[in-house]
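The analysis underlying the following values was restricted to heavy atoms, covering all of them including side chains, and did not include hydrogens, waters or symmetry mates.
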Amino acid sequence: MGSKHGLKLKNPMPNDFATRLLGWFDQHGRHDLPWQHPRDAYRVWLSEIMLQQTQVNTVIPYFQRFVDRFPTLTDLASAPLDDVLHLWSGLGYYARGRNLHKAAQQIVAQHQGEFPRDIDAVTALPGIGRSTAGAILAQAFGQRHAILDGNVKRVLTRFHAMAGWPGQKSIEAQLWTHALDATPEQRITDYTQAIMDLGATVCTRSKPRCSVCPLQNDCRAYVLGKPTDYPQRKPRKAIPTKTTRMLLLSPDNVHVLLQQRPPVGIWGGLWSLPECPIETDPIQWCDHHWQLQITTTNILPPLKHTFSHFHLAIEPVAAQVLNPAQRVMDSDQFIWYNTQTPDARGLPKPVQTLLAQWQQIRQQR
DNA sequence: AAAACGGGGAC
DNA sequence: GTCCCAGTTTT
């Protein structure tokens, strides 16, 4: 298309990309979505907001009820917010509904009720970012803007086999560049729908249907044989490591002191080993907190346990208790747990592991 | 059980 | 600027 008039493009691939995609769209794309007939800015806008975080099939009945009740932008702007949210209920992310209503009122106040055609004015409306603004202007007015929703990100990261997580700033910038490069000069409306349709129906998150994909030949992820390796997952947050000392306190090499955890928080309500900070002396700690006299401490191998939000490095210490204290035993927060006839109380996994290791050591003596 | 999703708002 | 969150669906 763009190579007419002898114009030499530096990178002919994007045109090829669009041409193939549009050819596929003519045959296999979605041409009968409710917001395509009739297609006006208000309906396209409404559909794009509803489609954020929500799939087409879920959106359609909501869209129809919404435009039945609010046929025009002015109807929406003059409606009570409660009515809007009522029609939104079930769609989730109710801030979208609030922003939609607020934006409608802004358009009435600032743009005479006409949906703005300037991308900066559109992006300034609540609930509309760069991608949604581009999608609306492309579909409603045929303006050439890139879009970059989740579908497009998936298609592009696969097509270019892009390393890195798309949420990362530099990766997102690259994606916008690729998205704009891939956008043709003609048939913007169809192209915008086409790339979203491809992502939704062919280049799906799992089990992509590469065999019917019009971009298969040039898709780097396909050529590498691993389309589902892209987009790369969000890197797990670097989670902190906390260190604690767990005490295996026994008067008789059979019973071990367990302490019940508070009802909320980590291991809520479970019975765990008493702990002391890593930097303190266990002998002094036990005396000070529980009036337990202990001796012959020996170090057990350290243990690592991973939670969703931190690692726990456990440095266990075993010790003999010289005075199985009445005070500790009286508290229903503590028990002398018989390791030879274990009862059914809940123990955290690493505590189970430690008790097993501790018993092995006892038996070796 | 975990990941994904686009924009807003907190920091 | 960057990070985190919202609610529901999908895997």
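- Nearer the 5' end of DNA chain B, as judged by each residue's closest nucleotide, is the contact made by L51(A), out of K102(A) and L51(A).
- Taking the six-membered ring for Trp, F63(A) and W35(A) have ring centres closer than 6.0 Å.
- The separation between L125(A) atom CG and dG7(B) atom P is 12 Å, rounded to whole Å.
- Nucleic acid contact class of I128(A) (heavy atoms, under 4.0 Å, all strands): sugar-phosphate only.
- For dT8(C), the OP1/OP2 oxygens have a side-chain nitrogen or oxygen of Y94(A) closer than 4.0 Å.
- Using a 4.0 Å cut-off between a side-chain N of Lys or Arg and a carboxylate O of Asp or Glu, D229(A) and R158(A) do not qualify as a salt bridge.
- The side chain of T54(A) places no N or O atom within less than 4.0 Å of a non-bridging phosphate oxygen (OP1 or OP2) of dT9(C).
- Heavy-atom nearest nucleotides on DNA chain C were determined for G167(A) and for G92(A), and the one closer to the 5' end corresponds to G167(A).
- The CD atom of E48(A) sits 14 Å away from the C1' atom of dG7(B) (whole-angstrom rounding).
- Comparing the same atom, P, in dA6(C) and in dC11(B) gives a spacing of 13 Å after rounding to whole Å.
- Between Q168(A) atom CD and dG1(C) atom C1' the separation is 15 Å, expressed in whole Å.
- For W176(A) and dG7(B), the CH2 to P distance is 7 Å, given to the nearest whole Å.
- Put simply, Q55(A) has a side-chain N or O that comes within less than 4.0 Å of OP1 or OP2 on dT10(C).
- The CD atom of Q53(A) sits 9 Å away from the C1' atom of dA4(B) (whole-angstrom rounding).
- Checking dT11(C), dG8(B), dA3(B) against every side-chain atom of S206(A), the shortest atom distance belongs to dT11(C).
- Taking atom CD1 of residue I49(A) and atom C1' of nucleotide dG6(B), one finds them 9 Å apart after rounding to whole Å.
- When the P atom is used for both dG1(C) and dG6(B), the distance is 23 Å, rounded to whole Å.
- Taking the centre of each ring, F159(A) and H178(A) stay at or above the 6.0 Å mark.
- Remark: P of dA6(C) and CG of L85(A) are 18 Å apart, rounded to the nearest angstrom.
- Both T123(A) and Y93(A) lie near DNA chain B, and the one whose nearest nucleotide falls closer to the 5' end is Y93(A).
- Residue-to-nucleotide contacts include no donor-acceptor pair under 3.5 Å from the side chain of Q52(A) to the base of dG7(B).
- Atom pair I147(A):CD1 and dG7(B):C1' shows a separation of 16 Å (rounding to whole Å applied).
- Where A95(A) and K169(A) each meet DNA chain C at their nearest nucleotide, the meeting point lying more 5' is that of K169(A).
- Counting heavy-atom neighbours within 6.0 Å of R39(A) CZ, excluding the residue itself, gives a total above 12.
- By the 4.0 Å N-to-carboxylate-O rule, R130(A) lies too far from E172(A) to be salt-bridged with it.
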